[in-house]
Amino acid sequence: MQDFLKDRYDPQKIEVAVQKDWHDREVFKVTEDPSREKFYCLSMFPYPSGRLHMGHVRNYTIGDVISRYHRMNGKNVMQPMGWDAFGLPAENAAIENGTHPAAWTKENIAYMRDQLKRLGFGYDWSREFATCDPDYYRWEQWFFTKLYEQGLVYRKTAAVNWDPVDKTVLANEQVIDGRGWRSGALVERKEIPQWFLKITEYAEELLSELDTMDEWPAAVKTMQRNWIGKSEGLALKFSIENEGGELEVFTTRPDTIFGASYMAVAPEHPIAVQAAKNNSDLLTFLEVCKSQSTSEALVEKMEKKGMPLDLYAIHPMTGERIPIWVANFVLMTYGTGAVMAVPAHDQRDWEFAKKYGLPIRQVIQTEDDSVLVNDLGAVSGYGVTVNSGEYSGLAFDKAYESICSHLELKKLGHRQVQYRLRDWLVSRQRYWGCPIPIMYDDEGKEIAVAGDVLPVLLPKDVNLDGSPSPLSKASDFLNVALPDGRTARRETDTFDTFFESSWYFSRFCCPDQSTKMLDERANYWMPVDIYIGGIEHAVLHLLYARFFHKAMRDAGLVTSSEPFKRLLTQGMVCKETYFRDGENGRKKYFSPEQVEVELDAKGRPVSALLKEDQLAVNIGPVEKMSKSKNNGVDPQALIDTYGADTVRLYTMFAAPPEHTLEWSDSAVEGSSRFLKSLWRLILDHKAENSFSTTKPSAVTSDELLGLRRHIHQAIVKVTDDISRRYKFNTAIAAIMELVNHLARFDSHESATHAIRQEGFEVVVRLLAPFVPHVSQILWNGLGQSGDLIDVSWPIEDKSALELDILELVVQVNGRKRALVKVPVAATKKECEEVGLADENVARFTIGQTVKKIIVVPGKLINIVVGD
RNA sequence: GCCUGGGUGGCGGAAUUGGUAGACGCAACGGACUUAAAAUCCGUCGGCUUAACGGCCGUGCCGGUUCGAUUCCGGCCCUAGGCACCA
């Protein structure tokens with residue numbers, strides 16, 4: 001590498017040169033090496049939307065810092081990159097601009113790949129692939145047919161959002177205020193046959209394995225546990241009066257059964273549908289329910305409504321007639337689609353009962369609520385049964401046991417484990433996705449496509465005009481001749497794009513394998529040692545990927561049970577917003593560059609003007625960078641202005657990885673300033689041209705020992721922050737502190753030069769993961785040769801950390817009153833004496849009795865006094 | 001509505017196991033250098049109070065545990081993410 005450490009710091013020049021060198025020598029290309037510890041570092045691959053956004057930059061910088069750190073610690077590090085290339089935006093772009101999704105995607109990938117390279121991420125580009133490559137998706141088609149053979153795949157009807165004008169299925173995102181985003185038509189709920197994967201077969205393992213995943217954030221594990229939603233309870237049957245049928249429900253509270261005063265079923269429940277056949281009011285109600293969204297969030301926020309079915313169930317304990325209602329809040333997708341309502345002890349049942357005047361009967365008495373006040377709401381806690389016939393007066397466990405046993409004996413119920421988790425609906429009625437490898441013969445019987453004729457290629461030549469399913473009109477694709485001479489019709493649905501992202505990490509281990517889905521290399525690299533990505537994936541993507549990996553394990557494709565050893569969830573990147581109220585009630589947003597902000601004396605923003613017309617604009621909240629809020633910062637512009645190192649340094653310094661990061665242009669300036677000043681300090685240091693024979697460990701002056709202690713303390717701190725705490729902001733702060741110490745040390749003797757040389761060599765190595773380009777140049781500038789990426793991470797000299805004198809805080813009754821110096825070896829008693837002797841401490845202890853003295857070794861002395 | 005986080009100076013954040021609240025940086029202000037500006041360097045920087053030493057208050061709000069609470073517990077407010085077809 002050429003000697004760049006001359007005159008001015010020019011990031012563009014050095015970064016491009018360093019990157020070219022890495023590329024020419026394939027520095028980041030790796031192979032399996034059983035002699036070294038492997039480290040598989042993975043960042044969630046991007047959807048190729050067009051350009052990188054700041055969220056990508058942040059995500060990939062975190063991954064690159066961790067990768068480079070582990071490589072400097074001697075591990076065999078693999079860091080791959082690829083593209084989650086199927087999805088809705090490509091189809092939308094196709095409809096809007098007339099570009100083909102394949103071409104649009106390819107172009108975006110090319111641009112974004114260049115951006116990633118310009119940011120200096122150490123990826124093994126030889127492993128790159130896009131999920132829309134047939135070489136990739138053929139294997140997921142193959143695996144789908146394996147799962148089909150094993151009975152883990154099935155077809156049944158499920159609801160979709162149907163746009164009656166465009167005659168197409170809409171994603172939840174495409175439904176705005178109940179209307180299709182393009183047509184504006186009221187969206188309907190429609191039941192169509194779709195493909196499902198039996199993730200519920202793995203519910204128990206997906207749940208229990210979480211207990212062993214101690215390197216995952218507790219919040220993510222809790223979210224997954226609640227999503228899987230295991231509950232134990234009683235499945236019981238209520239017979240229906242006259243009709244002779246039965247209504248099955250599930251309850252976790254059999255102890256409240258005597259309080260069941262009505263039943264509620266989902267609008268799609270067969271008995272509701274049946275009852276509506278000769279009841280036009282009921283039919284109308286069911287139709288209204290049908291127009292409601294498929295989104296659970298919206299269903300739960302709706303006003304709770306219902307209608308009686310004019311049917312009665314027989315209470316299995318009391319023989320009482322209880323009315324059956326249909327209710328819009330009962331979900332057909334959970335349990336049996338029917339519930340027994342106990343309004344006294346369930347808040348939602350209570351509200352519904354109040355609204356429709358249904359009886360509320362208290363059957364549980366909690367310790368602190370001897371009387372149930374009906375007007376305040378349900379009492380959902382546990383307690384002792386009352387008004388429950390022969391089962392009255394029992395504690396929860398006893399009541400649960402005896403009621404379950406009684407109903408089991410009478411064959412009216414059985415204990416059951418129930419999960420909230422539903423099977424994974426993988427069918428999508430879209431073009432730009434992986435075709436589902438299924439055919440239907442003339443009788444409509446399904447046939448899985450044989451493995452040796454895969455892939456089922458997604459045809460390129462289709463008509464994309466926004467009308468329904470292009471694949472159903474592509475006759476070359478649609479019609480197939482079977483080997484036995486019969487003809488068949490292909491499935492026209494494609495896979496959910498979560499299908500592709502559920503196993504890409506395994507394929508990165510052996511992307512060139514052309515005869516198998518995976519090979520032995522996957523077992524060398526898997527599991528991923530650290531997986532980094534947005535918190536928004538906490539449940540869906542991460543749960544699907546865990547399930548998929550277990551299914552692959554059971555098919556003998558991998559040996560590990562969990563795909564991701566550690567998970568690091570990254571916060572969003574935000575920026576302030578500026579807007580004016582538009583005519584149609586919608587806000588018009590202005591980008592921060594268009595706005596001039598006026599600050600008060602304290603630096604608080606007080607008002608903002610649009611530069612263009614010098615009139616006021618409103619200052620909005622700080623929100624996630626997005627096109628709609630017009631508050632995005634283009635990483636490319638920053639790279640062009642400051643260089644990749646500054647952008648990387650700022651994104652790591654501004655906040656810990658899990659936090660949302662609030663973007664500040666002036667703070668970016670600060671990171672740039674730090675690199676410039678470090679450059680100048682090392683340039684000046686080099687110019688001293690001092691020859692020193694002093695060994696750093698041999699210095700004796702207090703000042704130099706102190707300086708050297710700062711150097712080795714920084715090594716300890718930064719190492720711990722990167723490897724254990726994943727707190728890159730404090731790691732960088734510690735490096736900045738060390739640089740400040742080195743810069744302010746006002747001596748230029750040869751011994752000082754030697755310590756400074758040691759200090760800068762440490763600083764440059766500690767900075768290498770964050771700002772790899774400038775670090776490489778400074779490393780060479782300090783007289784060292786070779787690739788910094790393969791230089792060992794510094795190790796602290798323990799003797800440099802030793803101290804003789806400690807500072808202790810002295811508190812009186814928990815309030816800080818003094819700082820005292822004591823020898824390291826001081827006993828507890830000696831510390832107490834020094835503390836009590838302090839003048840300011842004495843002001844607060846005089847005339848008081850010392851009741852107790854607490855000494856926390858190395859930290860503080862707390863003197864507790866009183867009268 | 002349900003599940004899960006978060007709330008600390010003007011701002012981003014620090015305080016790692018209950019032990020000095022505000023590290024590091026930004027902004028702001030004062031000064032040096034300069035014909036001037038930029039850049040750079042030095043200093044101040046939570047509020048109130050004091051001549052000074054120091055003192056009092058202060059980590060969203062209310063209450064509790066403790067010698068000691070940003071940290072633990074209970075309740076509340078605000079805010080972000082997810083809720084199964086955005087990825």
Side-chain angles (χ1 to χ4, degrees), chain A residues 44 46-47 49 84 87-89 160-161 169-175 217-220 222-223 225-227 229 294-302 304 329 333 347-348 421-422 424-425 427-430 496-498 501 534-541 543-544 569 571-572 574 599-605 621 623-624 650 653-656 658-671 673-674 676-677 680 720-721 724-725 727 729-730 732-737 740 807-816 819 839-840 843 851-854 856 859-860 862-865:
Chain A
M44 289 181 185
Y47 177 78
S49 54
D84 188 15
L88 209 45
V160 292
N161 300 308
V169 175
L170 299 177
N172 282 339
E173 187 190 55
Q174 297 172 312
V175 181
V220 173
T222 309
M223 279 191 263
R225 276 189 196 105
N226 290 330
W227 185 266
T294 59
S295 144
E296 191 176 320
L298 295 176
V299 172
E300 292 280 350
K301 265 184 243 163
M302 279 181 330
K304 310 284 177 279
F329 62 85
T333 45
Q347 186 60 22
R348 203 157 57 171
L421 181 69
R422 312 203 292 257
W424 179 9
L425 197 173
S427 302
R428 295 291 181 271
Q429 296 71 40
R430 313 210 192 288
D496 176 4
T497 57
F498 277 130
S501 57
I535 182 70
E536 66 273 20
H537 295 291
V539 177
L540 289 180
H541 162 59
L543 194 64
Y544 291 143
T569 50
M572 296 176 308
C574 302
L599 303 177
D600 69 7
K602 289 213 161 159
R604 271 181 294 231
E623 294 191 71
K624 180 178 177 176
Y650 172 69
F653 179 56
E658 298 88 347
H659 277 216
T660 52
L661 186 162
E662 207 176 304
W663 193 266
S664 152
D665 289 320
S666 55
V668 179
E669 195 83 49
S671 293
R673 199 143 57 209
F674 170 72
K676 277 186 210 161
S677 89
R680 205 173 36 249
D720 186 51
D721 278 352
R724 182 180 66 86
R725 300 178 68 214
K727 295 266 187 196
N729 55 329
T730 51
I732 293 167
I735 300 170
M736 287 175 169
E737 252 182 301
N740 289 343
E807 264 198 343
L808 292 185
V809 170
V810 189
Q811 296 182 333
V812 178
N813 289 346
R815 312 189 61 130
K816 180 183 158 193
L819 272 174
E839 206 177 303
N840 201 45
R843 288 176 51 200
K851 289 181 167 169
K852 150 158 103 161
I853 302 180
I854 293 152
V856 181
K859 290 232 163 112
L860 62 70
N862 188 13
I863 302 162
V864 184
V865 298

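Reckoned from all heavy atoms, side chains included, excluding hydrogens, waters and symmetry mates. By convention in this document, chain letters (A, B, ...) are assigned in the order of the sequence lines, proteins followed by strands, and residues within each chain are numbered from 1.
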Can you check the distance between [N] and [M], where both ends of the measurement are the [atom1] atom (answer in whole Å)?
{"N": "B:G9", "M": "B:A14", "atom1": "P", "answer": "14 Å"}
{"N": "B:C29", "M": "B:C73", "atom1": "P", "answer": "44 Å"}
{"N": "B:G63", "M": "B:A15", "atom1": "C1'", "answer": "25 Å"}
{"N": "B:A23", "M": "B:G46", "atom1": "P", "answer": "8 Å"}
{"N": "B:C33", "M": "B:A28", "atom1": "P", "answer": "22 Å"}
{"N": "B:G74", "M": "B:G25", "atom1": "P", "answer": "39 Å"}
{"N": "B:G30", "M": "B:C45", "atom1": "P", "answer": "16 Å"}
{"N": "B:C2", "M": "B:G13", "atom1": "C1'", "answer": "32 Å"}

Taking the side chain from [X] and the backbone from [Y], do they hold a donor-acceptor pair closer than 3.5 Å?
{"X": "A:Tyr650", "Y": "A:Ser664", "result": "yes"}
{"X": "A:Lys816", "Y": "A:Val812", "result": "no"}
{"X": "A:Asn172", "Y": "A:Thr294", "result": "no"}
{"X": "A:Lys301", "Y": "A:Val299", "result": "no"}

For the side chain of [X], counting heavy atoms from C-beta on, which of [options] is nearest?
{"X": "A:Pro89", "options": "B:A84, B:A14, B:A87", "result": "B:A87"}
{"X": "A:Glu300", "options": "B:A84, B:U4, B:G1", "result": "B:G1"}
{"X": "A:Leu860", "options": "B:A84, B:G19, B:U4", "result": "B:G19"}
{"X": "A:Arg843", "options": "B:A84, B:G54, B:U16", "result": "B:G54"}
{"X": "A:Asn729", "options": "B:A14, B:A27, B:U16", "result": "B:A14"}
{"X": "A:His659", "options": "B:U20, B:A87, B:G13", "result": "B:G13"}
{"X": "A:Glu173", "options": "B:A87, B:C86, B:U16", "result": "B:C86"}
{"X": "A:Leu819", "options": "B:C24, B:A87, B:U20", "result": "B:U20"}
{"X": "A:Leu540", "options": "B:A87, B:U16, B:A15", "result": "B:A87"}

Compare all side-chain heavy atoms of [X] with those of [Y] and state whether any distance is below 4.5 angstrom.
{"X": "A:Tyr47", "Y": "A:Thr497", "result": "no"}
{"X": "A:His541", "Y": "A:Phe498", "result": "yes"}
{"X": "A:Gln174", "Y": "A:Asn161", "result": "no"}
{"X": "A:Asn813", "Y": "A:Val864", "result": "yes"}

Parsed dot-bracket for RNA chain B after applying the Watson-Crick and G-U rules with both distances under 3.5 Å and | for other-strand partners is (((((((..(((......[....))).(((((.......))))).((((....))))..(((((..]....))))))))))))....
Using a heavy-atom cut-off of under 4.0 Å over every strand shown, decide if [X] touches base, sugar-phosphate, or nothing.
{"X": "A:Phe674", "result": "nothing"}
{"X": "A:Phe653", "result": "base"}
{"X": "A:Ala733", "result": "base"}
{"X": "A:Val668", "result": "nothing"}
{"X": "A:Gln174", "result": "nothing"}
{"X": "A:Pro656", "result": "sugar-phosphate"}
{"X": "A:Met44", "result": "nothing"}
{"X": "A:Asn840", "result": "sugar-phosphate"}
{"X": "A:Gln811", "result": "base"}
{"X": "A:Leu88", "result": "sugar-phosphate"}
{"X": "A:Ala297", "result": "base"}
{"X": "A:Lys816", "result": "base"}
{"X": "A:Ser427", "result": "base"}
{"X": "A:Trp227", "result": "base"}

Atom-to-atom span, OH of A:Tyr650 to P of B:C11 - whole angstrom
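In whole Å, B:C11 P and A:Tyr650 OH are 15 Å from each other.
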Any side-chain N or O of [X] below 4.0 angstrom from OP1/OP2 of [N]?
{"X": "A:Thr497", "N": "B:A87", "value": "yes"}
{"X": "A:Asn740", "N": "B:G25", "value": "yes"}
{"X": "A:Arg673", "N": "B:A27", "value": "yes"}
{"X": "A:Arg815", "N": "B:C67", "value": "no"}
{"X": "A:Asn226", "N": "B:U4", "value": "yes"}

State which residues pass side-chain hydrogen bond (donor to acceptor under 3.5 Å, both in side chains) with A:His537; sequence neighbours excluded, sorted by chain then number.
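Partners of A:His537 by the side-chain hydrogen bond (donor to acceptor under 3.5 Å, both in side chains) criterion come out as none, since no residue qualifies.
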For A:Arg673, all residues meeting side-chain hydrogen bond (donor to acceptor under 3.5 Å, both in side chains), sequence neighbours excluded
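Partners of A:Arg673 by the side-chain hydrogen bond (donor to acceptor under 3.5 Å, both in side chains) criterion come out as none, since no residue qualifies.
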Looking at every non-hydrogen atom in both residues, tell me the closest pair between A:Leu543 and A:Leu421 and how far apart they are.
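For A:Leu543 versus A:Leu421, the nearest heavy atoms are CD2-CD1, 3.9 Å.
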In terms of the nearest nucleotide of RNA chain B, which residue is placed more toward the 5' end: A:Ser677 or A:Lys852?
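The residue closer to the strand's 5' end, by nearest nucleotide, is A:Ser677.
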For RNA chain B, whose closest nucleotide is more 5', that of A:Met223 or that of A:Ser671?
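Result: A:Met223.
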Is B:G13 syn or anti, taking syn as a glycosidic angle within 90° of 0?
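Anti conformation for B:G13.
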Would you state whether a donor and an acceptor, one from the side chain of [X] and one from the base of [N], lie under 3.5 Å apart?
{"X": "A:Asn862", "N": "B:C67", "answer": "yes"}
{"X": "A:Arg680", "N": "B:U40", "answer": "no"}
{"X": "A:Glu658", "N": "B:G5", "answer": "no"}

